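One structure is given here, and the rest of the page talks about it.
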Number of protein chains: 2
Amino acid sequence: MEDRYNVECCDLVCAHEDVIDRARRALPDEDTLYDLTELFRIFGDSTRVRILYALFTSEMCVCDIAELLGVTQSAVSHQLRALKNVRLVKSRRDGKTVYYSLADDHVKTIIDQGLEHVSE
Amino acid sequence: MEDRYNVECCDLVCAHEDVIDRARRALPDEDTLYDLTELFRIFGDSTRVRILYALFTSEMCVCDIAELLGVTQSAVSHQLRALKNVRLVKSRRDGKTVYYSLADDHVKTIIDQGLEHVSE
DNA sequence: TGAACATATGAGCAATTGCTCATATGTTCA
DNA sequence: TGAACATATGAGCAATTGCTCATATGTTCA
């Protein structure tokens, strides 16, 4: 059952078992890790980040976002779905038009943290 | 020169020009956007996030990280380079061994913000 | 200096991603 | 109800990505 003895790296040498064990306990569980990376993956595309920036100013309909960014309505719609899946944006329908807005202000906090890092 | 009249989306209707103009001014410049999405893209992979979590506990050598995560030394090395490119980790050499550690505590802040969002 | 070892790196491949195109769905209004 | 319109969605494709394999680079020590 215990497989910590199986030190295969680097021809059985070098491994600092204590450090590895400590790190292993710090690793997040599978589900948390999945959710977390999925969330950040969403921030890793310029079209999506542009959409989020646009929504900082006010809610917008799909069509307006498409015009603003110079991409297809379809592309915007696909990306909005991705943003919605991770609950970064929400939508409301008004007649034929669907307005999208930021789900909460985590978006801004996360982007600001990122900005702070890159602008050092 | 002015091309705001060119409302091509949705058969020339629907566009809320004021909203679009306001949003356009809020968009980040090209370089900032590039740096920002590149940074978040790095957080969008589970191997890289696992490495960061491991480094939360202490500095570690490449070999230890490889054993911890059960991936190749090569894979770890490639990912560490990516993490280094965006200045999330730094390294120091001690003889044949290279120890990696977190570059600063933006890493933790960003991940914590992400966690807070996904665990709502 | 050369053998041993830790790490870095390039090539190549399967999997993923973001887009466009075509079309489906949902809503309004005459 | 059906035409008009805003949005959503599936298929398909080019580009990107993360891995492994092979090997190069850097360091120590006898």
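In this text the structure is predicted, and so the values were computed from the model without any measurement. Convention: sequence-line order gives letters A, B, ...; per-chain numbering from 1.
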Distance in Å, [X] [atom1] paired with [Y] [atom2], rounded so as to fall on 0.5 Å steps:
| X | Y | atom1 | atom2 | answer |
| --- | --- | --- | --- | --- |
| B:L39 | A:F40 | CG | CZ | 9.0 Å |
| B:H16 | B:D18 | NE2 | CG | 8.0 Å |
| B:K90 | B:E59 | NZ | CD | 8.5 Å |
| B:I110 | A:I111 | CD1 | CD1 | 11.0 Å |

Is any N or O donor-acceptor pair between the side chain of [X] and the base of [N] shorter than 3.5 Å?
| X | N | answer |
| --- | --- | --- |
| A:S77 | D:dT9 | no |
| B:T97 | C:dT7 | no |
| A:Q73 | D:dA6 | no |

Are OP1 or OP2 of [N] and a side-chain N or O of [X] less than 4.0 angstrom apart?
| X | N | answer |
| --- | --- | --- |
| B:Y100 | C:dA8 | yes |
| B:Q79 | D:dC19 | yes |
| A:T72 | C:dT20 | yes |
| B:R81 | C:dA8 | no |
| B:R93 | C:dT7 | no |

* **Residues within residues 41-53 of chain B bordering DNA chain C, heavy-atom distance below 4.0 Å** => none
* **Any side-chain donor near an acceptor of the partner, B:T109 and B:D112, under 3.5 Å** => no
* If you measure only the distance, is there a donor-acceptor pair under 3.5 Å linking the side chains of A:T32 and A:D35? ->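 No, A:D35 and A:T32 have no side-chain donor paired with an acceptor closer than 3.5 Å.
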Could you give the [atom1]-to-[atom2] distance, from [X] to [N], as a whole number of Å?
| X | N | atom1 | atom2 | result |
| --- | --- | --- | --- | --- |
| B:D94 | D:dC29 | CG | C1' | 15 Å |
| A:K96 | D:dA6 | NZ | C1' | 7 Å |
| B:H78 | D:dT16 | NE2 | P | 18 Å |
| B:N85 | D:dG18 | CG | P | 13 Å |
| A:L83 | D:dA8 | CG | P | 12 Å |
| A:Y99 | C:dT27 | OH | C1' | 13 Å |
| B:L80 | C:dT9 | CG | P | 11 Å |

* **A:D105 side chain to A:K108 backbone, donor-acceptor under 3.5 Å** => no
* Looking only at heavy atoms, what is the nearest atom pair of A:S46 and B:L33, with distance? ->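 Nearest heavy atoms, A:S46 then B:L33: CB-CD2, 3.7 Å.
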* **Contact summary for A:R24 and B:E67, nearest pair of heavy atoms** => NH2-O, 4.1 Å
* Got more than 12 heavy atoms from elsewhere within 6.0 Å of CD, B:E120? -> yes
* Give me the bend of the helix from C:dT1-D:dA30 to C:dA30-D:dT1, using the axes of the five pairs at each end, rounded to 10°. =>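 It comes to 20° between the two terminal axes.
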* Structure fact -> Per atom distances to the A:C61 side chain, the nearest of D:dT27, D:dC5, D:dT7 is D:dT7
